There are 2 protein chains.
Amino acid sequence: MVTLDDVARLAGVSSATVSRTLSRPQMVAASTREAVRSAAERLGYQHNASARALATGRTMLIGFSVPSLASSYFPPLIAGAQNRAEAAGYDLVVADSRSDPQREASQLARLRGRVDAVLLAGTRLADPHLAELADAIPVVTFNRVVPDVPSVAIDTAPAFAELGRRLREGGHLRVAYVGGPAGSAADGARLSSLTAGFGQAVEVFGPVEPTFGAGVEVADLLAPTGVTAAVAYNGLLALGLMHGLGTRGRRIPEDFTVAAGDDLIGSAQALSSLMTVLQPVEEAGRDMVDIVLAQLDSTAPESAATPRRTLTARADMSRDPEREDPS
Amino acid sequence: MVTLDDVARLAGVSSATVSRTLSRPQMVAASTREAVRSAAERLGYQHNASARALATGRTMLIGFSVPSLASSYFPPLIAGAQNRAEAAGYDLVVADSRSDPQREASQLARLRGRVDAVLLAGTRLADPHLAELADAIPVVTFNRVVPDVPSVAIDTAPAFAELGRRLREGGHLRVAYVGGPAGSAADGARLSSLTAGFGQAVEVFGPVEPTFGAGVEVADLLAPTGVTAAVAYNGLLALGLMHGLGTRGRRIPEDFTVAAGDDLIGSAQALSSLMTVLQPVEEAGRDMVDIVLAQLDSTAPESAATPRRTLTARADMSRDPEREDPS
DNA sequence: TTGTAGGCGTTATCAC
DNA sequence: GTGATAACGCCTACAA
């Protein structure tokens with residue numbers, strides 16, 4: 001391994017000068033700067049992150065805990081975060097808890113001593129534990145509000161309400177909601193916004209797993225009921241619904257209106273026949289990083305100096321499907 | 001921050017003893033072990049990863065570079081790797097190159113000084129650069145073979161060949177292949193295996209983006225041609241095909257047979273009407289980590305001592321759809 | 001079994 | 001503008 005000292009020796013300067021040249025070039029004479037740089041180049045010098053971290057107290061690492069990497073929801077969130085983190089010189093350490101609170105806790109314990117900040121999505125941590133973690137290290141949560149912990153949320157309420165309104169205006173009298181995974185907080189919120197917008201009770205199917213297959217199954221239950229529109233928790237479910245309804249002879253959107261709660265598999269752009277709630281997931285990931293960076297870079301005496309930020313992004317509706325009148 | 005010394009002072013021993021207690025407990029008397037442990041507990045001691053890394057030369061970090069986190073293909077690969085890495089005490093640093101060779105190169109340069117090993121999927125790195133990287137740090141590639149660099153691959157050839165054979169046996173005379181992204185090596189291989197299995201030329205549509213929407217569009221091109229079966233590069237495309245064909249009045253699988261090149265969105269379990277190539281992606285991720293771990297943990301004088309391993313997993317066919325005779 | 005002491009590669013605080 | 005030098009927190013011979 002090539003060290004600062006090796007470069008220093010070759011360049012005929014001290015290691016302190018090399019260090020300065022590499023981190024704050026303007027503090028160094030132009031001539032020596034060049035000498036040092038070419039020496040570093042020749043030796044193929046790579047700085048040692050651990051040593052730097054030990055000396056500065058900064059690992060330049062941000063941890064991101066998610067309940068699943070298999071779901072299509074979290075990868076874009078991670079992508080957004082990674083993108084922004086990289087721009088700021090940070091790298092992202094991902095931990096997939098596979099929805100196991102036990103595992104999540106131990107992953108976070110490990111992360112604490114390893115990273116400068118932690119991003120939490122879909123956490124199962126109890127409020128007090130979360131607050132405790134946030135006390136030890138900067139934390140930002142996603143779609144989860146805990147006192148004194150900054151968070152980023154995507155507010156789907158307006159979009160689901162609008163969805164309800166449009167269905168009502170489209171003349172639909174009976175509308176179904178196909179719910180997401182059991183125990184999902186987002187699920188309940190979406191349903192109540194939809195109901196509020198629709199102006200009357202919505203018929204609920206589920207909870208079910210938010211998969212294509214589940215959508216196909218639910219279609220069989222739905223078809224005979226007389227509802228003329230269905231709002232699915234997410235895009236895969238909606239696609240499954242469409243498929244299932246299609247095999248039962250219903251044409252979308254002529255005979256039946258389908259809407260999706262997210263656009264993660266690109267269903268929105270693809271299908272003018274599908275109404276879709278657009279969630280700015282990647283942007284949310286970026287925002288999460290922005291918030292921790294603000295906390296991290298704050299030179300102020302920390303504590304109350306840096307106001308804990310909380311951001312809420314707004315989900316929007318895609319354009320109408322070509323026809324959305326009920327049959 | 002609580003350090004070893006703090007714990008040592010409270011426990012009335014030296015920091016060396018604390019260090020030993022925490023890393024190799026059996027080297028320490030039971031009584032002192034307990035004393036140290038309770039002291040560490042009381043203080044809430046968390047070891048500092050940077051300091052440990054500097055002292056041991058091990059960061060306990062593995063880098064994983066992927067071209068995209070948005071695609072549904074790589075997250076499961078990462079999940080498998082993360083899972084295995086965690087079990088071995090390692091954490092995973094992810095880098096999304098967004099298919100930009102430039103960005104990938106700079107990410108890898110950063111990673112080099114930060115992690116103990118690098119996993120590469122869908123890399124755009126030229127062979128020589130890749131070899132150079134592998135020379136500096138343990139590297140494992142996915143679906144990419146470079147001399148002297150260990151790799152993991154999923155061999156889809158047998159499955160696609162079998163697919164071709166089954167279609168032939170099912171009586172299909174004209175079969176379509178809907179190709180994946182332009183320039184994909186996997187794409188060409190799949191087509192030729194399919195063709196070989198089918199025993200005669202397959203009609204190619206594409207290349208197209210492997211999305212649901214693209215599948216819908218291709219369905220319009222496909223429907224009038226007289227082919228009775230279509231094999232899609234991946235699951236989303238296949239779903240799009242089914243949808244598009246469905247809206248044009250074709251029933252699957254009664255009127256038309258559709259097959260998918262992967263099962264990443266759970267299409268296989270969901271749809272008995274869809275033939276699906278099952279790819280052990282998560283297992284591949286695990287294998288990649290296993291290989292680097294073997295290289296890392298090898299106490300032998302490295303170089304030729306640890307044989308560079310290469311694994312090839314085999315993709316398999318899902319069960320037949322309920323009916324696969326052509327109409 | 002335990003303590004002492006040196007070193008891991010960088011940064012940062014001083015003088016010069 | 002540059003060079004010693006002391007941390008940073010931990011690990012690990014080596015000695016006791």
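In the text below, chain A, chain B and the rest are named by the order of the sequence lines, each starting its count at 1. All values reported here derive from a predicted model rather than from experimental measurement.
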| query | How many angstroms lie between NE2 in B:H47 and CG in B:L22, if you round to the nearest 0.5 Å? | reply | 8.5 Å

| A:R52: salt bridge (Lys or Arg N to Asp or Glu O under 4.0 Å) partners, not counting sequence neighbours | none

| said: For A:S97, is there any backbone N or O sitting under 3.5 Å from a side-chain donor or acceptor partner on A:D100? | reply: no

| Do we see a donor-acceptor contact under 3.5 Å between the side chains of A:T123 and A:E104? | yes

| query | How would nucleotides 8-16 of chain C be written as a contact map, 5' to 3', with B for base contact, S for sugar-phosphate-only contact and - for no contact, using protein heavy atoms under 4.0 Å? | reply | BBBBBB---

| field | Length of the CD-P vector between A:E34 and D:dG1, whole Å | value | 15 Å

| task | Examine C:dT2: is either OP1 or OP2 under 4.0 Å from a nitrogen or oxygen in the side chain of B:T17? Give yes or no. | result | no

| message | Could you tell me if the side chain of B:V145 sits less than 4.5 Å from the side chain of B:T141, heavy atoms only? | response | no

